[in-house]
Each structure stands twice: as C-alpha cells, then as structure tokens.
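Below, chain A is the first sequence line, B the second, and so on; all start at residue 1.
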Amino acid sequence: MPNFHSLSSISAALKSGATSSKELTQYFLGRISRLNAKLNAYITVCEEAALAQAEQADAQYRQNQAGILTGIPMAHKDIFCTQDVLTTCGSKMLENFVAPYSATVVQKLNSAGMVMLGKTNMDEFAMGSSNESSYFGPVHNPWQLDKVPGGSSGGSAAAVAARLCPAATGTDTGGSIRQPAAFCGITGLKPTYGRVSRYGMVAFASSLDQGGAMTTTAEDAALLLSAMAGFDPLDSTSADPSRKDVQQSDAWLAQVAAEGYRGENRTFSIGLPRQYYTDTIGQAALADMQAVLEKAGHRFVDVDLPHTDAAVSTYYVIAGAEASTNLSRYDGIRFGHRCENPLDLEDLYNRSRSEGFGAEVKRRILTGTYALSVGYYDAYYVKAQKIRRLIADDFSRVFEEVDVLLTPITPGPAFGLEELTADPVAMYNQDKFTVPVSLAGLPAISIPCGQTNGLPLGAQIIGPAFAEQDIVDLAHQFQQLTDWHQQTCQWVED
Amino acid sequence: MQWEPVIGLELHVQLATSSKIFSGASTAFGAAPNEQACAVDLGLPGVLPVLNENAVKMAVKFGLAIGAQINLHSIFDRKNYFYPDLPKGYQISQFETPIVGAGSITLEQEDGNNLRIGITRAHLEEDAGKSIHDLFPNQTGIDLNRTGTPLLEIVSEPDLRSAKQAADYFRQMHNLVRYLKICDGNLAQGSMRCDANVSVRPSGSTTLGERTEIKNINSFRFVERAIRFEIDRHIDILEGGGTVERETRQYDPDRDETRVMRGKEMSEDYRYFPDPDLLPLQISQTFVDAVAAELPELPEARRHRYEEALGLTAYDARWLSNDPDVAEFFEAVLNICNNAKQSANWIMGALSGYLNKADLGIDQSPVSPEQVGTLIARLDDGTLSSKTAKTLFDHLCSQGGEVDEAIEVLGLKQLNDTGELSGIIDQILADNPDQVAQLKAGKEKVLGFFVGQVMKQTQGKANPKQVNELIREKI
C-alpha cells in the first residue's frame, strides 16, 4: 500500500495507477470496520454508496476526467445534510432524520469526485468541547482511549488521526475544528466566516458557524478547502465575490483546485498576543516552534489583544442566543423526535423537546432564551454584540502591524473522559483561545507542534479575513521543517 | 358624556411576487395542501433564507406612493414563538428598522372633508402557514403553502375616528395596493388582512384610553362592524364605571361580536433580534429611483385628470378613479369611443347596475371595454338610439358577440330614411286628430306623445331628433 497519510500522496498514487479508488475505499472501510468500535468516530458508514462512488471515480480516471481529489475517500461531520443518508447532528432529536437535499459542501465534494465513507460523530448540535454530549456516545481519543478527542468535530478528528479516513469535514463555531484537531494531533482549518457555504449545514449559531477541513497536513487542508469553498447564492452570508480580498482568495483557491497546492516560502511577521501566553501546558512546544520559524527567517512581535478575557462570556451569550432560536424548529411537528401519545400541543412540545435534546443543548437553549428576553436583551445580547465588535477591532488593529498571529489552541492536551462534564464553565473555558477568532470571523489553522505525556499539542495560526493562503503557507513551511504532523499513535499502524 | 373613538389599523398585504420572500417556492393560491412548501419553507435543518428582490421592490413602491421615507438600510429580525404552522419557531420580520418609514395618505371622505391619515411604518415579513381545525376529527391539519408568502405590514397612526373611517381607509389602501400592482387584493383568499386597535376617550381629551386589538379581519364590512361593536363595548364598560382591559380579541361575524383571544397576562415575549442568516438589507438610491420611475399614475392624480382634462364631474371622476380595475375599464372604453361623458354614464349606469345585480366585479364583466366603447361609438354616429343601445347592451351581457354584427342581426339600426318615417308619422297624425289640435294650440307636451308613438311603431329604431323635426314640419 502506498502512503495513505495525505491527500496529495493519494492523489498521486491514483493518478499513476498505483492504486484505485475502489481499493482505497475498501482499505478505509476495512479500517473502519476493525477500529471504529474502539473509537466511536463514525455514526453512519455508507459502505455500498461509497463503493459505487469509487467505481465511478475509477471510470473517471480511465476516461482521463479525474481531478485532483477524484476517488479519494473522506468523511463528513454528521452536521452536513446528505441526501438519502442519515443526518443526526449527534442528537436523539434527529436520530432518524434523512434530509431530502445535500449541503452545498457535500455537493461540492461530491462533484469533485470524493468518496463519502460515512458521517462522523460529534457533540450534539455541535455544542461541546469534548464530544461527550453526543447522543451516540463519546468518541475516544486515538492517542489514549480514556481521553476525549475534543469537540465538537471530535469524530472527524479521531477518524483522521486514526486513519479511518484521510480527511474529513468539520465545522467550527467557537473552536470545534481547531480544538479537536489539536487534541488528536491533526491539522484543522477554520476558514473566514462566509468562505464556505452554510447551506445544508445544521445551524448552531448562524453568525459564527463555519465549515472547514480536517486533514493530516496543511497542504491537504488547502486542497480540501479549494473544493469546499466559494460563493453560494443559497447562503446570504456567503462572502461577497465582488470584494477584493475575496477575489484574491478565490483566485488562490481556484489555482489550488486546478494545479494542487504549491507552498510559497514567504517570510511573515508573526504576532504573539500577550493575552494568549499565560499558563498553558503547551508553552514549551510553542517556544520550540517559534525557534524553528525564527531560524527560517520569520520575525516575531509581541502584540496586544486587550479584550481577550471577555471573549468566552461574549461567545456563550451570542452563540446561545442564536442557538435558542435556531433550535426552535425541532418541535416534534414536521420532522425529528416526537413524543408518544401527546395530550395536547403544549405536551407535544414539552415532551418532544425534553426527550429529544440532551442536557448541554437544553442548557444553551435556556441561557440563550434568557439573553434575548425582554429586560435582559440589552444587558446581555446587545452588550455581547458590542464586545464582539471590540474584539474584532483588536484583531484589525493588530493586523496593521503583523501578517499573522501564533497562539496556543487549548489550555492543555486532551483531558480525560468525564473529567470536565460536571463543570460546564471549566468546559467552556477550554475555548478561550479559539472563540475570539470565531467572534471576529477570522481564518485560523490548528497544527500539531509537540507532545506532552504521549498526547499531541497544537498551535494556532490566525490570519486576517480571507488570508487562508497566508496561514496555510506558514503552517506548510513549519510542516516541511518538522514532523509533528506525521506522528501517529502506535496502534494506528495496525 | 361624549366619547371619541381612536382607531389604528395594521394591514397585512400579501405581495404579488411569483415566488416566496425567502425561497423559490410558488406563491400561487389554491394548490393542494403542502404542495408549495419547499425545504426552506418547511424549516428543515440547515436551510437558509435568501431575500426575494421583487418583494423589496414592491415595498419601496408602496413607500414612495405614500410619500414615506425609504430606509436604505433595514434589518430583518426573528420574532420567536411556537406555533405548529410556524415551521422555524420564528417569523422573519422587521422590528426596529423597517424598510418603509413614516408617510401618510389623504382619506377621501364623501362630505369632501378629507383627512390626513399618518402611516407609522411598513415592513416586510413572511406569512405563516395555516392550521386547519375542522377537517380531521380531534386533529389539526397544517398546510404550509402560505408559509413564506411575502407580507407588507402597514401600520397606521391612531388617526381614525370612526368605524366608517377605518373601513374607508382599508378600502382606499386596498385600491392603492392594486393600483401599484403589488397585491391582487383578493380579500376572500386572505390577500389583505386587518388588525384593528381600538380605544375610546372622552371627547376633547388628548390622552389615549386603554386599547384592545381585534385580530385578522378580512372584509371591509367586518372591519366596520367589528370596530363598531368594540367601540360600543368600550363605552358601555366605561359608562358602567369599569375599566377596559388590554387584550387581543377576535371578531365573530355570525354573532356580530368580538370575543377575547388572549389577555395581557398571556402576552408573549417575542425575543426579537436581528436574523443572523440575513445580512442587513442595503438598497441604493439608484434602486429607489428606478422604482420611482416605474410608479403608475395614482388615484388622486387620475381623478384630477378626469376632472380637468376630460371634464367629468367631481363625483364621476372619483367614482371612476378609485378602483384601478374600474379606471382601467373606463380608459379602455374611452380609448375606443372618445366620449368621456358617455363612457362614464354607461359604466356607472347600465354596466354597474348589471354587475351589482349579478354580484360580479368589473374584472368579471361579461361585456368588454371594447364592446362598450363600440356601442357608444354607434350611439354617437347615429346608428343606435339610446333605446336600441340599451337593448344591445342587454343582449351583449346575456349573449355576447360582436357589436356591429349584433346590430345587424337584431335589426337595431336606427331608421334614418325620412321617406319611411314620414309615412309612419303621417299615419299617426291622422289617427290622433285631438292631439294634433292640442299641439297646434301650443301644448308642447303632446309632442312627446307623438314621438313615443313613432318609437313604438318603429320598435325604437327611429332617430328621436329626426322624428321631432318631421312632426314640427308637418304641423
């Protein structure tokens, strides 16, 4: 078998005829059937459909109609609607939900010729930082099975880390791509808000949700993003293609899609926001990373993001508020879970929602409803929006000085299963380095930069809006100089 | 004590776009239940709204027609409440920043004392579906075809002072939106619905009394009756020493009364906030100017034109210009016969009488403007007499057909041949010597008798003018 660890190497092997899509698909399906029981990374596996797609892809190779990603297997986070395949969003509420349409992202990767192996586990409605809120049970971290994989895209992260697929989609509302990527030692790219269509992606917090790529390398993240991103007339918040920065980004993505990713060895001025360098366990690894990059010619500057401390509370007010109304449609009337023998309408609502939603989702609906209520709206929602503006302004100011920012992703490595479930606020604080970026709608990439006690540690590179190319280029350079991204847990080689 | 009613109306106008405000589904009325509800209308997971530009255009058109401020920046909000026919659990509406700001209309009063009625605002929103309570035993049916139909909610100032004024305002707005072609105006299908806010206060007082809101009234008559009932109810309560409770009420036309739907304590907190799925709506002055350039001639301007350029009376001009369908019919008739007075007479007289009797709108008229116009032209050129014209009109109403052909077939052509007429008149004069003597003695009234006799003899085909002349010659 060739080296299956990266999309670019698989693409080369398919092109040369060293392997076929069918062979690859069978290989990954085989790994899933052997290893998924340990990890619980997949909720749904689409064996038959995947093999059919693979055969189609092989035909495209024979007819010389294959693109870079044609025939490469992948997995979708179970938040993306897939026509004819279950979309559960990790919830009992949608345990039996089959959408009559596919998300724009799903359609795009489908037309790029990728093979969907299945749908990955996640925190219920993407609410969680540990994947423990999934109705389908927690995902286990491949590096140490008693640790969490992070969340909410924990299934995707674990699946890529354990090579149950070479790449997967994820979504990031407050860190849901970046944090599990860090916990599982893979690369996770959260694009600029509006870069990837949200159509068909089950909504958690509409002004923050953004689909992205979970891969083994920065190069792969660029490849996958190039097939996912772009203007979508079905999403009114899709990035306006007449904007200059969007056009530049579009041009870069078009080039990657057509010719593959070619990293540029540019040197960057890199900001180190003081507020992010406090007491994290990953300090030493980040220091090593800085040394590597400094040696390669990059320049470091200390910068200030003064409103960082307010980000977690701000985020939980806004995300909760939006979630509380986004989840109103799950009322037991038209689709989703409905309670048995409702006495009347009120009872139907109460029991369907009480039974269909888990504790974390209920907590957020309640806090979000509170934040929007008469008498509290100004004190919570309006104030949070103001702070959100201040946080975004912090970043804008800093990006006048530096090209990108380098920060830790998490306060430490993956924590233990059930370690934080009793303390929601401690759980929320896991997001303190990821939510400011989300509030500002900026792109960020999470890459492995070290290990501690056998668990991976991640670094976050943040760029200005639509500067995905810059953060990918810098991450790629680091990955050319180090091999943290190639390390896997022992049993993955089984 | 003298009481003064204070009334404000909220009108919900379904905009005549072909697709919905946030989805591509059709808005046509009458499809089988849930046939016209797409994934977006159903609020399925992951779907997103995309604003229909035509709805925006229509809202701007309305704003311009009432001289309102057009807000180039407006915001869509979510109004949150649970109801089975509201699929998302929220309605997308505009709360603090509507697209149309303050404007006004002049309410035409029959006594000529026109009133200025302020329009507070008008905003875009999506309609909900329908709950059908009487089709399935012990169950409620949900039809989501109406879900997402664009609505323009027009909120008036509390400037109306009687039930009659409120109904007149409703009627005038009904005419205006049809003039603008932004609504089909079909009240029976719910294209325009009205909520009325009613309070009363002692005459001369400047503070407002406690108000009640009557929801969802869909006819001019019911608006008037519901408000009248509500005013009387308030006055009865106040005169009995009680206080009016702030509440939402429903009008029952069968019993001609309003009933409480929900009280103040049940008023909901809608948790309005800007919809994060839709960016703030930004329109340009160029867009507004382009809409302004498309504005049709409005009722007031048309009425003035009818009076000044066509020489119609104020009464006729108003009668013909109020309703856009009537005005269009009139202009089409006029276009053919070029006789404004006769066009007005025939439409307001014979046609209106026929339509009233048959309970038809002018858009359902069995005779076309072409037929009426040609009929008037034949009257003007002497082919028809007023009597035969009426016979022809009745024939066209019941049988249809082409005007000139019908004149031939029915033999309605006026007798303009003096020879034939002369013979008939001679005979009649000979048969009625007493009357001839009276006429000779100067009793002019007898002339009418002779004309009548001639018309009878000729089955109305004689030209009365000619008959007059011939009789005078002969006597």
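For Phe97(A), the part lying near chain B is the side chain, with the backbone staying farther off; criterion is any non-hydrogen pair under 4.5 Å. When heavy atoms are compared at a cutoff of 4.5 Å, Tyr101(A) approaches chain B solely by way of its side chain, counted from C-beta outward. If you measure heavy-atom distances from Arg198(A) to chain B, the contacts under 4.5 Å come from both the backbone and the side chain. Proximity to chain B (any heavy atom under 4.5 Å) is shown, for Tyr376(A), by neither the backbone nor the side chain. Contacts of Thr87(A) with chain B are absent, with no heavy-atom separation under 4.5 Å from either backbone or side chain. Of the atoms belonging to Leu327(A), not a single heavy atom falls under 4.5 Å from chain B. Only the side chain of Leu345(A) comes within contact range of chain B, with heavy atoms under 4.5 Å apart.
Within 6.0 Å of atom CD in Glu53(B), 12 or fewer heavy atoms from other residues, nucleotides or ligands are found, so the atom counts as exposed in its surroundings. Counting non-hydrogen atoms of other residues, nucleotides and ligands closer than 6.0 Å to CD of Gln282(B) gives a total above 12. Around atom NZ of Lys362(A), more than 12 heavy atoms belonging to other residues, nucleotides or ligands sit under 6.0 Å away. Residue-environment remark: OH (Tyr380(A)) stays at or below the threshold of 12 foreign heavy atoms within 6.0 Å. Dense packing is recorded around CD of Gln285(B), with more than 12 heavy atoms of other residues, nucleotides or ligands lying under 6.0 Å away.
When all heavy atoms of Tyr377(A) and Pro274(B) are compared, the closest pair comes out as OH-CD, 3.5 Å. Closest non-hydrogen pair, Cys81(A) versus Pro45(B), comes out as SG-O, 3.5 Å. Nearest heavy-atom pair across Arg78(B) and Glu322(A) is NH1-O, 4.0 Å. In terms of heavy-atom proximity, Leu234(A) sits nearest to Leu48(B) at O-CB, 3.6 Å.
Chosen from Asp277(B), Leu278(B), Val40(B), the residue pairing most often with chain A at heavy-atom distances under 4.5 Å is Asp277(B). Interface remark: of the candidates Ile333(A), Val374(A), Val382(A), Val374(A) forms the most heavy-atom pairs closer than 4.5 Å to chain B. For the set Tyr81(B), Tyr83(B), Tyr270(B), the count of heavy-atom pairs under 4.5 angstrom toward chain A peaks at Tyr83(B). Your options are Thr140(B), Ile142(B), Asn80(B), and the one with the most heavy-atom pairs under 4.5 Å with chain A is Asn80(B). Of the listed residues (Pro49(B), Gly43(B), Gly89(B)), the greatest number of heavy-atom pairs within a distance under 4.5 Å of chain A belongs to Gly43(B).
Evaluated for a side-chain contact (heavy atoms from CB on, under 4.5 Å) with Val50(B), the options Ser236(A), Pro233(A), Ser238(A) yield exactly one hit, Ser236(A).
Atom-to-atom distance recorded for Tyr90(B):OH and Asn326(A):CG is 5.5 Å, nearest 0.5 angstrom. Interatomic distance, Ser328(A) OG to Leu86(B) CG, rounded to the nearest 0.5 Å: 9.0 Å. The OG1 atom of Thr325(A) sits 11.0 Å away from the CG atom of Asp77(B) when rounded to the nearest 0.5 Å. Between Phe82(B) atom CZ and Leu348(A) atom CG the span is 11.0 Å, to the nearest 0.5 Å. In this structure, Arg334(A) CZ and Leu144(B) CG are separated by 7.0 Å, a value rounded to the nearest 0.5 Å.
In this structure, Ser324(A) and Arg271(B) have side chains that are in contact, with non-hydrogen atoms separated by less than 4.5 Å. You'll find the side chain of Pro87(B) stays beyond 4.5 Å of the side chain of Phe335(A), heavy atoms only. Looking at heavy atoms from C-beta onward, Val47(B) lies in side-chain contact with Arg329(A) at the 4.5 angstrom threshold. Counting heavy atoms from C-beta outward, Leu279(B) and Thr237(A) have side chains that approach closer than 4.5 Å.
With Asp269(B) contributing its side chain and Ser373(A) its backbone, the two residues share no donor-acceptor pair below 3.5 Å.
Taking the six-membered ring for Trp and thresholds of 30 and 60 degrees, Tyr381(A) and Phe273(B) have ring planes more than 60 degrees apart, a perpendicular arrangement.
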